[in-house]
Amino acid sequence: MSLTNHGEDALLTLFKEAGPYYLALFTTAPGEDGGGTEVSGGAYARQQVTFGAPSSGTMKNSAAIEFPTATDAWGTAVAWGLCDAKSGGNLVWYGTITTPKELLAGDIYRVNANNLTLTMD
């Protein structure tokens, strides 16, 4: 069974409107049942994501997402997740980071606009 691009865009629009969503970084990737190891400490905090309009079954962040300056080593970010709360809550979408990044004290992790892509497959 498959959705048309219109159907995918409709579902992404519903997802977007159900937000807000917050981007989390993980040092151990989560899976279908959640889990994983989210970064913690050292001034880490999830960051709210703003999405643009979906198109052809994809949706991208419409503005840059910048985490606070790490005040301690965060480890190597290998995965990301979208959560439905700034802390706690539920993991609702996740993926791997193409180029994992070791985050040390003084580092800032930034996702430029249009670099976080949600895709309906």
Where is the tightest heavy-atom contact between Ser62 and Phe51, given as atom of each residue plus distance? OG-C, 3.8 Å

N/O donor-acceptor pairs under 3.5 Å from side chains in residues 92-109, not counting sequence neighbours:
residue: Tyr94; atom: OH; partner: Glu32; partner atom: N; Å: 3.3
residue: Tyr94; atom: OH; partner: Glu32; partner atom: OE2; Å: 3.0
residue: Asp107; atom: OD2; partner: Leu104; partner atom: N; Å: 2.7

Hey, is the main chain of Cys83 close enough, under 3.5 Å, to the side chain of Arg46 for a donor-acceptor pair? no

Do Leu3 and Met120 make a side-chain contact, defined as non-hydrogen atoms from C-beta onward lying under 4.5 Å apart? yes

Can you tell me how far the CG atom of Leu91 sits from the OH atom of Tyr21, to the nearest 0.5 Å? 11.5 Å

Contacts of Asn115 meeting side-chain contact (heavy atoms from CB on, under 4.5 Å) (sequence neighbours excluded), chain-then-number -> Val111, Asn112

For side-chain contact (heavy atoms from CB on, under 4.5 Å), just list the numbers for Glu38 and Leu25, CA-CA rounded to whole Å, side-chain angles, deciding distance to a tenth of an Å, and then say yes or no. CA-CA 6 Å; Glu38 185 175 356; Leu25 299 175; over 6 Å; no

Residues Gly52 and Met59: closest non-hydrogen pair is O-CG, 3.3 Å

Quick one: OG1 on Thr4 to CG on Asp9, what's the gap to the nearest 0.5 Å? 8.0 Å

Closer than 3.5 angstrom, by distance alone: can the side chain of Lys86 be matched with the main-chain N or O of Tyr22 as a donor-acceptor pair? no

Can you find a heavy atom in the side chain of Leu23 that is under 4.5 Å from one in the side chain of Asn61? no

Enter the distance from Leu11:CG to Leu118:CG here, rounded to the nearest 0.5 Å. 12.5 Å

side-chain contact (heavy atoms from CB on, under 4.5 Å), that's the test. Do Val49 and Leu116 meet it? Break it down for me. CA-CA 9 Å; Val49 180; Leu116 176 64; 4.2 Å; yes

Where Phe26 and Pro30 come nearest, the two heavy atoms and their spacing: CG-CD, 3.9 Å

Do Thr37 and Thr27 come within less than 4.5 Å of each other through their side chains, counting heavy atoms only? yes

Pairwise distance OG1(Thr13) to CD(Glu8) - rounded to 0.5 angstrom: 11.5 Å

Parallel, tilted or perpendicular: ring planes of Phe67 versus Tyr44, cut at 30 and 60 degrees: parallel

Side chains of Gln47 and Pro68, heavy atoms from C-beta outward: is any pair under 4.5 Å? yes

In sequence, state the C-alpha distance, the side-chain angles, and the governing distance for Leu82 and Phe15, and then conclude on side-chain contact (heavy atoms from CB on, under 4.5 Å). CA-CA 11 Å; Leu82 287 179; Phe15 177 81; 4.3 Å; yes

